[in-house]
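Counting begins at 1 with the first residue of the sequence.
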Amino acid sequence: MIKVTAGADAPERCSQAFTVAAVAVASGVEVSLWLTGESSWFALPGRAAEFELPHAAPLPDLIDGIQAGGGRITVCTQCAARRGIEEKDLIEGARIAGAQVFVSEALVDGVQALVY
(Lines give C-alpha, C1' and ligand atoms only; values in the text may rest on other atoms or scores of the structure.)
Protein backbone atom coordinates (compact mmCIF):
# COMPACT_ATOMS: atom_id res chain seq x y z
CA MET A 1 0.00 0.00 0.00
CA ILE A 2 1.45 3.32 -1.09
CA LYS A 3 -0.08 6.63 -0.06
CA VAL A 4 0.91 9.72 -2.03
CA THR A 5 0.35 12.97 -0.16
CA ALA A 6 2.17 15.23 -2.62
CA GLY A 7 1.56 16.36 -6.16
CA ALA A 8 3.18 19.05 -8.27
CA ASP A 9 3.73 20.95 -5.00
CA ALA A 10 6.45 18.41 -4.03
CA PRO A 11 7.44 16.80 -7.34
CA GLU A 12 10.31 14.62 -6.13
CA ARG A 13 8.25 13.02 -3.38
CA CYS A 14 5.34 12.55 -5.77
CA SER A 15 7.50 10.96 -8.45
CA GLN A 16 9.15 8.64 -5.95
CA ALA A 17 5.78 7.30 -4.84
CA PHE A 18 4.60 6.55 -8.38
CA THR A 19 8.00 5.06 -9.28
CA VAL A 20 8.02 2.77 -6.25
CA ALA A 21 4.45 1.68 -7.01
CA ALA A 22 5.29 0.90 -10.65
CA VAL A 23 8.46 -1.00 -9.73
CA ALA A 24 6.59 -2.97 -7.08
CA VAL A 25 3.87 -3.97 -9.56
CA ALA A 26 6.51 -4.91 -12.14
CA SER A 27 8.14 -7.09 -9.46
CA GLY A 28 4.90 -8.98 -8.90
CA VAL A 29 3.80 -7.18 -5.74
CA GLU A 30 0.10 -6.43 -5.28
CA VAL A 31 -0.15 -2.64 -5.04
CA SER A 32 -2.85 -0.32 -3.79
CA LEU A 33 -1.90 3.29 -4.60
CA TRP A 34 -3.80 5.96 -2.69
CA LEU A 35 -3.82 9.51 -4.04
CA THR A 36 -4.44 12.16 -1.39
CA GLY A 37 -4.06 15.92 -1.29
CA GLU A 38 -2.60 17.42 -4.44
CA SER A 39 -1.82 14.01 -5.96
CA SER A 40 -5.59 13.52 -6.37
CA TRP A 41 -5.42 15.55 -9.57
CA PHE A 42 -3.40 12.81 -11.28
CA ALA A 43 -6.46 10.55 -11.34
CA LEU A 44 -8.02 12.87 -13.92
CA PRO A 45 -7.43 12.25 -17.63
CA GLY A 46 -4.51 14.26 -18.98
CA ARG A 47 -3.37 15.69 -15.65
CA ALA A 48 -0.44 13.29 -15.23
CA ALA A 49 0.89 14.41 -18.62
CA GLU A 50 1.24 17.95 -17.23
CA PHE A 51 3.64 16.74 -14.52
CA GLU A 52 7.33 17.18 -15.32
CA LEU A 53 10.40 16.29 -13.31
CA PRO A 54 13.88 16.05 -14.87
CA HIS A 55 15.44 12.58 -14.83
CA ALA A 56 12.16 10.96 -13.78
CA ALA A 57 9.92 8.56 -15.66
CA PRO A 58 6.83 10.24 -17.13
CA LEU A 59 3.89 9.96 -14.74
CA PRO A 60 1.50 8.66 -17.44
CA ASP A 61 3.90 5.77 -18.12
CA LEU A 62 4.12 4.94 -14.42
CA ILE A 63 0.33 5.02 -14.06
CA ASP A 64 -0.07 2.80 -17.13
CA GLY A 65 2.44 0.34 -15.67
CA ILE A 66 0.69 0.28 -12.31
CA GLN A 67 -2.69 -0.39 -13.87
CA ALA A 68 -1.40 -2.88 -16.45
CA GLY A 69 0.16 -4.91 -13.65
CA GLY A 70 -3.07 -5.05 -11.68
CA GLY A 71 -2.36 -2.20 -9.28
CA ARG A 72 -5.34 -0.34 -7.88
CA ILE A 73 -5.50 3.46 -7.85
CA THR A 74 -7.76 5.12 -5.29
CA VAL A 75 -8.49 8.78 -4.64
CA CYS A 76 -9.32 9.80 -1.08
CA THR A 77 -13.02 10.66 -0.71
CA GLN A 78 -12.47 13.90 1.19
CA CYS A 79 -9.61 14.98 -1.09
CA ALA A 80 -11.79 14.39 -4.15
CA ALA A 81 -14.72 16.29 -2.64
CA ARG A 82 -12.55 19.29 -1.75
CA ARG A 83 -11.42 19.45 -5.37
CA GLY A 84 -14.81 18.83 -6.96
CA ILE A 85 -13.64 15.48 -8.36
CA GLU A 86 -16.30 12.85 -8.91
CA GLU A 87 -15.99 9.17 -9.82
CA LYS A 88 -17.13 9.92 -13.38
CA ASP A 89 -14.17 12.29 -13.80
CA LEU A 90 -11.48 9.68 -13.07
CA ILE A 91 -9.21 7.79 -15.44
CA GLU A 92 -10.46 4.33 -16.27
CA GLY A 93 -9.84 1.87 -13.45
CA ALA A 94 -9.45 4.46 -10.68
CA ARG A 95 -11.94 4.81 -7.84
CA ILE A 96 -12.83 7.08 -4.94
CA ALA A 97 -12.89 5.56 -1.45
CA GLY A 98 -12.61 6.73 2.12
CA ALA A 99 -10.82 6.06 5.35
CA GLN A 100 -12.74 2.87 6.11
CA VAL A 101 -11.45 1.23 2.93
CA PHE A 102 -7.94 2.58 3.51
CA VAL A 103 -7.83 1.16 7.04
CA SER A 104 -9.26 -2.20 5.96
CA GLU A 105 -6.56 -2.52 3.26
CA ALA A 106 -3.78 -1.34 5.56
CA LEU A 107 -4.62 -3.83 8.31
CA VAL A 108 -4.46 -6.96 6.16
CA ASP A 109 -1.76 -9.34 7.36
CA GLY A 110 1.47 -8.85 5.45
CA VAL A 111 0.63 -5.40 4.11
CA GLN A 112 3.42 -2.85 4.16
CA ALA A 113 2.31 0.78 4.03
CA LEU A 114 4.59 3.43 2.54
CA VAL A 115 3.67 7.12 2.72
CA TYR A 116 5.20 9.77 0.48
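- Surrounding CD of Glu52 are at most 12 heavy atoms belonging to other residues, nucleotides or ligands under 6.0 Å away.
- Under the 4.5 Å side-chain heavy-atom criterion for grouping Ile, Leu, Val, Met, Phe, Trp and Tyr, Val20 is not connected to Met1 through any hydrophobic cluster.
- The hydrophobic clustering, which links ILVMFWY residues whose side-chain heavy atoms are closer than 4.5 Å, places Val101 and Val75 apart.
- Side-chain contact check for Leu33 versus Leu35: some heavy-atom pair is nearer than 4.5 Å.
- Both Leu59 and Leu114 belong to a single network of hydrophobic side chains, linked directly or stepwise wherever heavy atoms of I, L, V, M, F, W or Y lie under 4.5 Å apart.
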Verdict with supporting geometry, Gln67 and Arg72, side chain to side chain contact (heavy atoms under 4.5 Å, CB included) = CA-CA 7 Å; Gln67 290 185 311; Arg72 177 183 299 140; over 6 Å; no
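- The minimum heavy-atom distance linking Pro11 with Ala8 is given by the pair CD-O, 3.4 Å.
- Remark: Ser40 OG to Asp89 CG distance equals 12.0 Å, nearest 0.5 Å.
- We find the CD1-CZ distance between Ile63 and Phe18 to be 5.0 Å, quoted to the nearest 0.5 Å.
- Once rounded to the nearest 0.5 Å, the distance linking OG of Ser39 with NZ of Lys3 reads 9.5 Å.
- Between the side chain of Ser27 and the main chain of Val23, a donor-acceptor pair closer than 3.5 Å is present.
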Contacts table for residues 91-99: side-chain donor-acceptor under 3.5 angstrom, sequence neighbours left out:
| from | atom 1 | to | atom 2 | distance (Å) |
| --- | --- | --- | --- | --- |
| Arg95 | NE | Thr74 | OG1 | 2.7 |
| Arg95 | NH2 | Thr74 | OG1 | 3.3 |
| Arg95 | NH2 | Glu105 | OE2 | 2.5 |

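- Scanning all heavy atoms of the two residues, the minimum distance from Ser15 to Ala56 falls at OG-CB, 3.5 Å.
- Under the 4.5 Å side-chain contact rule for hydrophobic residues, Phe102 and Val111 share a cluster.
- Val4 is not listed as a side-chain neighbour of Thr36, based on a closest heavy-atom distance of 4.5 Å or more.
- Side-chain contact between Trp34 and Ile2 is absent, with no heavy-atom pair separated by less than 4.5 Å.
- Remark: Arg13 pairs with Thr5, Ala6, Ala10, Tyr116 by the side chain to side chain contact (heavy atoms under 4.5 Å, CB included) rule, at least two apart or across chains.
- Counting heavy atoms from C-beta on, the side chains of Leu53 and Glu12 come closer than 4.5 Å.
- Both Leu90 and Leu62 are members of a single hydrophobic cluster when ILVMFWY side chains are connected at heavy-atom separations under 4.5 Å.
- Under a 3.5 Å cut-off, the side chain of Asp9 and the backbone N or O of Gly7 do form a donor-acceptor pair.
- Counting only residues at least two apart or on different chains, the ring pair (Phe, Tyr, Trp, His ring centres under 6.0 Å) pairs with a member in residues 51-91 are Phe42-Phe51.
- A pairwise comparison of heavy atoms in Trp41 and Arg47 identifies O-CB, 3.1 Å as the closest pair.
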